[in-house]
Structure formats: structure tokens, C-alpha cells
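Single-structure report; data block below.
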There are 2 protein chains.
Amino acid sequence: MTSTPAPGSPAWWLRRTASPTAPRRGRGRPSLDTDHMVATALRLIDEHGVHAFSLRTLADALGSSTATLYRHFANKDEILALTVDLALGEAGTVPPAAPAGWRDVLSTMGHQVRAVLTRHPSLLPTLMDHVPVGPNALAQRERVLAALLRHGLQPALAARAFTAVGHYVIGFAVQQRESDGAPLADYYRDLDPTTHPAIAATAESLTAVTPDDEFAFGLGLLLEGLARQKDASP
Amino acid sequence: MTSTPAPGSPAWWLRRTASPTAPRRGRGRPSLDTDHMVATALRLIDEHGVHAFSLRTLADALGSSTATLYRHFANKDEILALTVDLALGEAGTVPPAAPAGWRDVLSTMGHQVRAVLTRHPSLLPTLMDHVPVGPNALAQRERVLAALLRHGLQPALAARAFTAVGHYVIGFAVQQRESDGAPLADYYRDLDPTTHPAIAATAESLTAVTPDDEFAFGLGLLLEGLARQKDASP
DNA sequence: ACCTGAACACCGTTCAAGT
DNA sequence: ACCTGAACACCGTTCAAGT
């Protein structure tokens, strides 16, 4: 009895990347069909949000039918996972050409992933659902980890640092996301100061800084903590 | 033209908490119906996962019908938000009775929220969807921020620290969540070492530590970074 | 006044029937 | 061999009809 791995799971990716239906670039006929379908899905999600994305809308945009989609993908989750991986491929080469050190590697990675999320904010829910383990995500993880090891970080610290920066970027994007057109900080500031004095007091200072400054501040804080850890057990 | 706030949004919570249908504890007849419905929803989600949770299953469990649910809640999102807030209410009193300092406050908060997520892992996707702004979430934020201010943290740093710890706990829970029965670390370790040498090398060290140690390590790292920031601009 | 069966407009997924 | 209309079993939400 062979178990069928759930889409988006590591085992599923292993199966998919090993299968002959996986897109082959370089040699042979590239399966442009699949690539085009995923690109179309990404565009639809960017334009109308992941909430409005259905297999019927994708089939319509492709001039096909929903049943045909199942000849290219196992199910909707697979399409969403491929969409996220396609967007992560836009992150560019991480680390940069000549990183000044491990801090530079992680800082660049953080800003590049943030750029991807800024370009595709609708992907945030899907990105949070599963740890991305598609080919582009794996390639990025490999590049960054290799650079960190090259700069002398211990393996355990390198892995944790990669995860910490990734989580920070996603967490920041969630926090920054507006609800109902008004930032969360406005909501906190308008709370009754007598029942929530501390929230109101701290909300004032929240709106003083720009999102970019806030992002850089938190990222610097994270790297500072990592540096302390590195020096503590070198 | 009055805009109808989206469920789960700050504006929506303002409307709901101000409405007479909101549960009133202490005085008058408590609307045990609503509380019981939310508690049942939480139990169903705990038992069968948020994926299997539908209004029909909730109505069946209550011996009622889906249409009746709409006399108590605006829609499904409202029920999910109330479920998350109910679970957050289990976090206990944060900060502890006699915190040794702002580090103790944040550390306790981190461990308590982690305990909630351990008890209700199925709530993770819902918790990531929206920043929780229900009554229990607000009360916790107020308590923690007040304690941080009392211990001398600047308002801006206190707000950032609260958010950073919250994001860290959620991010850790996502990372720890297993997929397909096998931890993510196993997947990384089994990758081809020739194509992904750095991932394989760092994966070995990932499985060496227990989740509890890993959690405490990362939290300590975060607090270390915050301490540096506090000392830099007091 | 309060509740609800049944309908509505969807959804992901499957498959017999077309070419 | 490849595609797809139509069906299936759902879903959240609404409302006319019951009591």
C-alpha cells in the first residue's frame, strides 16, 4: 500500500521533481504549457486576490476547462505551491555578488524576499500555509546557507538564521498588511485610553516611523542577536 | 453610504464589542448560547482540523441548522475570529505575578502563547490570517505593554518587542509543524548532497536539539537583540 | 418573534462521453 | 490519445415559509 503524499509536502515535491512530467529546461522540448498555466495563475492571484482564484477562473483565462487542469496538476494546492515558487524565483540571486559578510548575506536575502512579497502581496496566505520547498525555494536556501557557511557561521546557527530571517520577513508583511483600508496602528491609537492606556500610549510611537525604517530596524535587531550568539560560541 | 466592516477587521471588532449582542459577563443574563457555540466550534476544530470545519458540521453538533447560526454571527469568519480569541483567553495572566524584568515579561508571554498553540495547533492558519484584535487578545496586549512600560522600556520599543515575540512564536509553530508525518529537517537531510551540500550539512545539526531547546534558544536570541537596542538608546 | 428546510450560486474534483 | 460537458458532493449564505 503506497501512501500518496499530500501536495505541498516535502514528499510530494520529491515525487514531482523526480517525475518526467516536471518541467525540463535547457534540453528537450520545454513544457511551456505548464509554465504558462502557472504564470497565468500568478497573474490572476495578483490581480484579483487568492480569495477570488478558482480553477474555473483559471480554466477560463486559459481558454480551457477545469478537467484539463487535472491533466497537468494533481490538484489546486499543487498549482498554488507552484505559483509561490515561481514568485520566489523573482527574488534574484541571493547572496549578492560580493557580500561583505554573513550579515550582508542575510540582509540582502531579507530585502529580496520582502520585495517579492511587496510585488505579490496576495501570495502571503499561501506562503504562510506551507514552508516553501519548491525548486526555487530550495535553490535559494542552498545559496544562502552555502554563503553563511563560507563566512564562518556554524551549521546549526546558519540554519536557524535562515529560518529566523524568513519568519521575520513574513511576520513583518502580516503586520504591515492593512485591514479595512486603515493600518492596525490607527485602530490601536483610537482605543479607549482609560481601558487600554498602554496600547494607546505605544500606538502613538508606532506611526512615527516609515515601514521601510521599521523593517530595517527589526532586521538589524535580529542580526545583532545572531552576532551575539556567534561570538558566544564560535 | 455606510461601509460594512469586514469580519475580523479592527473596525468590525469595534462594532461588535459595542453592540448589545456582545456577550455580557457579570451583570444581566449572560448569552450562554453564543459562548457555547464558540466553544463547540473550538472543540470541533481541535478534533477534526479547521479544514473539516464547516457551518453544517457546527450546526449538526449544536442540533441546530446553518441558518440559525446567522442569527448569532455575521458569517463564518466571525466565528473563526471568536474561536481564536477564546483560545487566546487560555493564555493565562501575562505578565506573571512578579516579573523579574522586561525580559521575564516577554519570555513568559512567549511561552504562554506557545502553550496555546500547542494545545490548539489547528488554530495556526486562522491565527496567521488576521492579527487577533478580539477582547482577549487586546487584554493580553494591554497587560504586556503596560508591564514593559513599567519596566522602563520606551513605548516604541515595547510595541515592537510585543510584535516581535508574537511573530516569533507563530513562526516557530509553523516551522515545527510536521508535514506528511515527517519533520521538515528529515526532508532537508535526505536531499542530494551533491546538488544541495549546504542544506544537507546544516540539516544534520537541526535534528540534534529538541524543539523546546530550539524555542528557548531563538527567544533568548530575540531578547538579546532587544536588550542591545534598549541600551543603545535609553 | 424565532427558527429552518430548501434553495442559490458557487467550489474542487471526477468521469463518461465525445473527437 | 487527448480533451471536456456535465455531474457529484460539497461549501457559505439567504429567504420564504413554517411554528
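The figures here come from the full heavy-atom set of this structure, side chains too, leaving out hydrogens, waters and symmetry mates. A, B, ... follow the sequence lines: proteins, then strands. Residue 1 opens every chain.
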Exercise for review: Would you check if B:T202 and B:Y188 make a side-chain contact, meaning some heavy-atom pair closer than 4.5 Å?
Suggested key: no
Exercise for review: Can you figure out which of D:dA6, C:dT4, D:dC11 approaches the side chain of B:R56 most closely?
Suggested key: D:dC11
Study note, to complete from the structure: In terms of heavy-atom contacts, B:H120 and B:A87 come closest through CD2-CB, 3.9 Å
Exercise for review: Report yes if a side-chain nitrogen or oxygen of A:S64 is closer than 4.0 Å to either non-bridging phosphate oxygen (OP1 or OP2) of D:dT4; otherwise report no.
Suggested key: yes
Point to revise | Rounded interatomic separation in angstrom, taking CZ from A:F73 and C1' from C:dT13 | key: 16 Å
Review point. To the nearest Å, how far apart are A:D77 CG and C:dT13 C1'?
Key: 13 Å
Study note, to complete from the structure: Contacts of B:G63 and A:T57 projected onto DNA chain C by closest heavy atom; the upstream (5') one is B:G63
Practice item. May I have the distance from B:L58 (atom CG) to D:dT13 (atom C1'), rounded to whole angstrom? Key: 15 Å
Review point. Can A:D46 and A:R43 be counted as an ion pair, charged N to O under 4.0 angstrom?
Key: no
Within the sub-3.5 Å range, which N or O atoms of nucleotides 15-19 of chain C have a protein N or O partner, and how far apart are they?
none

Check your understanding: Could you give the NE2-to-C1' distance, from A:H51 to D:dC11, as a whole number of Å?
Key -> 12 Å
Check your understanding: Within the pair A:S54 and C:dC11, is there a side-chain N or O less than 4.0 Å away from OP1 or OP2?
Key -> yes
Practice item. Return the nearest nucleotide to the side chain of B:R71; candidates are C:dC3, D:dT13, D:dC2. Key: C:dC3
Practice item. Send over the distance from B:E78 CD to D:dG12 C1', rounded to a whole Å. Key: 14 Å
Review point. Can you find a heavy atom in the side chain of B:H72 that is under 4.5 Å from one in the side chain of B:V38?
Key: no
Study note, to complete from the structure: Whole-Å distance, B:N75 CG to D:dC11 C1', equals 14 Å
Review point. Which nucleotide in the set C:dG12, D:dC3, D:dG12 lies at the smallest distance from any side-chain heavy atom of B:L55?
Key: D:dG12
